[in-house]
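In what follows, a single structure is set out as structure tokens and then discussed.
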Amino acid sequence: MASDPKVHVFEEVAKHNKTKDCWLIIAGKVYDVTPFMDDHPGGDEVLLSATGKDATNDFEDVGHSDSARDMMEKYYIGEVDQSTVPLKRTYIPPPQGQYNPDKTSEFVIKILQFLVPLLILGLAFAVRHYTKKE
């Protein structure tokens, strides 16, 4: 590692999110993994999915070996300015449909979905019974 690492802002690192230009942030350090894209055992999609964010949790969840951690050294290009890294994204649930206090229209539709097939079946039996030759 360099004795005076370059400090990168998050926005700059996030721009490097392509197969031919891929940077990752892991534990506050920036790695240019572009040369490793073809050799990564999980494929380049795994590395690309970790761009544009702090990939520390993604990296740690996989449980990389000591040799993989040692290999990271040659891809190290600097540190990330932690003040520029956005806070963790919070989950925003999808918007709910309008609350319908008058459920009568839904109830009528459900009843009709049940009764209409029964009425058609009854009509078919009635037609068959009255048109049947004896």
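Computed from a predicted structure; not experimentally measured. In this chain, numbering begins with 1 at the start of the sequence shown.
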Original post:
Would I77 end up clustered with L24 when hydrophobic side chains under 4.5 Å apart are linked, directly or stepwise?
Top reply: no
Original post:
Do you know the tightest heavy-atom contact between V33 and L47?
Top reply: CG2-CD1, 4.3 Å
**OP:** Give a yes or no on whether V30 and Y76 share a hydrophobic cluster (residues Ile, Leu, Val, Met, Phe, Trp, Tyr; joining criterion: side-chain heavy atoms under 4.5 Å apart).
**Re:** no
Subject >> Those residues that, when tested against F10, pass ring-ring contact (aromatic ring centres under 6.0 Å, His included) (two or more places apart) >> reply: none
Original post:
To the nearest 0.5 Å, what is the distance between CD (E79) and NE2 (H8)?
Top reply: 9.0 Å
Original post:
With a 4.5 Å limit on heavy-atom distance, are the side chains of T84 and E11 in contact?
Top reply: yes
Original post:
Between A68 and H64, which heavy-atom pair has the shortest distance, and what is it?
Top reply: CB-CB, 4.0 Å
Subject >> Distance (rounded to the nearest 0.5 Å) between D44 CG and K18 NZ >> reply: 14.0 Å
Original post:
Atom OG in S49, atom CG in N17: separation rounded to 0.5 Å?
Top reply: 11.5 Å
Original post:
In terms of heavy-atom contacts, does CG of D61 have more than 12 from other residues, nucleotides or ligands at under 6.0 Å?
Top reply: yes
Original post:
Which heavy-atom pair separates G52 from A14 by the least distance, and what is that distance?
Top reply: CA-CB, 4.0 Å
Subject >> Student check: side-chain heavy atoms of I111 and F114 closer than 4.5 Å >> reply: no
Original post:
Do you know the tightest heavy-atom contact between V80 and V7?
Top reply: C-CG1, 4.4 Å
Original post:
Take atom CG in D38; do more than 12 heavy atoms of anything else shown fall under 6.0 Å from it?
Top reply: no
Subject >> Smallest separation among heavy atoms of R69 and E60, with atom names >> reply: NH2-OE1, 3.0 Å
**OP:** Taking side-chain contact (heavy atoms from CB on, under 4.5 Å) as the test, write out the residues that go with L48, two or more places apart.
**Re:** T19, C22, M37
Subject >> Flag side-chain contact, heavy atom, 4.5 Å: Y31 against I26 >> reply: yes
Original post:
Hey, any chance M71 and F59 share a hydrophobic cluster, counting ILVMFWY side chains that come within less than 4.5 Å of each other, even indirectly?
Top reply: yes
Original post:
Does the distance from a Lys or Arg side-chain N to an Asp or Glu carboxylate O, for D58 and K53, drop under 4.0 Å?
Top reply: yes
**OP:** Nearest 0.5 Å please: distance from the CG atom of L118 over to the CG atom of L123.
**Re:** 12.5 Å
Subject >> Cluster check W23, I25: I/L/V/M/F/W/Y, side chain < 4.5 angstrom >> reply: yes
